[in-house]
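What follows is a short report on a single structure.
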Amino acid sequence: MSTDSLSTTFAALADPTRRAILAQLALGEATVAELTKPFSISAPAVTKHLKVLQRAKLITQGRHAQWRPCQLNATPLREVADFIEQYRQYWEQSLDRLEAYLKILQTEEMQSAEKKD
């Protein structure tokens with residue numbers, strides 16, 4: 001099992017159920033029972049997903065009487081966003097070069113069409 005935080009966060013985010021749980025928690029604090037409702041899986045299965053999210057520090061669980069409400073901790077997502085940002089810049093530069101190349105092709109086509117007329 002990987003120990004670096006970025007790998008742990010990506011591993012936690014790899015599962016669609018865990019991403020759905022995070023989306024639900026982005027709306028506000030929820031208990032395990034509330035988090036289980038939208039899924040067709042058992043409460044113990046949701047609990048396993050929550051443990052993965054806790055290990056990745058993407059959620060925290062409090063204690064209120066017999067309930068253990070969960071809260072989103074978006075801090076690890078900042079590291080993910082920073083990582084992805086590097087590649088966004090790469091794609092933007094690639095798209096800028098593609099746009100410049102297409103403009104050259106378009107200009108050449110227009111000049112070729114003008115010569116024919």
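Side-chain contact between I41 and H49: present, with at least one pair of heavy atoms (C-beta onward) separated by less than 4.5 Å. Two residues are said to be in side-chain contact when any heavy atoms from C-beta on lie closer than 4.5 Å; E85 and R88 meet this criterion. In this structure, N73 and L58 have side chains that are not in contact, with every pair of non-hydrogen atoms separated by 4.5 Å or more. Two residues are said to be in side-chain contact when any heavy atoms from C-beta on lie closer than 4.5 Å; T8 and D4 fail this criterion. At a threshold of 4.5 Å between non-hydrogen side-chain atoms, the residues V32 and W67 do not count as touching. Residues K48 and P44 fail the side-chain proximity criterion, which asks for heavy atoms closer than 4.5 Å. Looking at heavy atoms from C-beta onward, L25 lies in side-chain contact with L35 at the 4.5 angstrom threshold. Under the 4.5 Å side-chain criterion, counting only non-hydrogen atoms from C-beta, E29 is not in contact with C70.
Taking both residues in full, the closest heavy atoms of E34 and Q24 are given as O-NE2, 3.1 Å, listed atom of the first, atom of the second, then distance. When all heavy atoms of L13 and R19 are compared, the pair lying nearest together is O-NH1, 2.6 Å. In this structure, P76 and A56 approach most closely via the heavy-atom pair CG-O, 3.6 Å.
Note on L6: it clusters hydrophobically with I84, by side-chain heavy-atom contacts below 4.5 Å among ILVMFWY residues.
Put simply, the side chain of R55 never gets that close to the backbone of L50: no donor and acceptor are under 3.5 Å apart. In terms of modelled atom types and a separation under 3.5 Å, the side chain of Q61 and the main chain of R68 share a donor-acceptor contact.
Counting only N and O atoms by type, the side chains of E79 and S5 include a donor and acceptor under 3.5 Å apart.
Distance CG/D82 to CG/L77: 11.0 Å, rounded to 0.5 Å. Atoms CG and CD1, on L53 and I21 in that order, are 6.0 Å from each other to the nearest 0.5 Å. Rounded to the nearest 0.5 angstrom, L98 CG and W91 CH2 are separated by 10.5 Å.
Applying the salt bridge (charged side-chain N to carboxylate O under 4.0 Å, His left out) rule to E108 yields no partners; only residues at least two apart in sequence or on another chain are considered.
Heavy atoms of other residues, nucleotides or ligands lying less than 6.0 angstrom from CZ of R78 number 12 at most.
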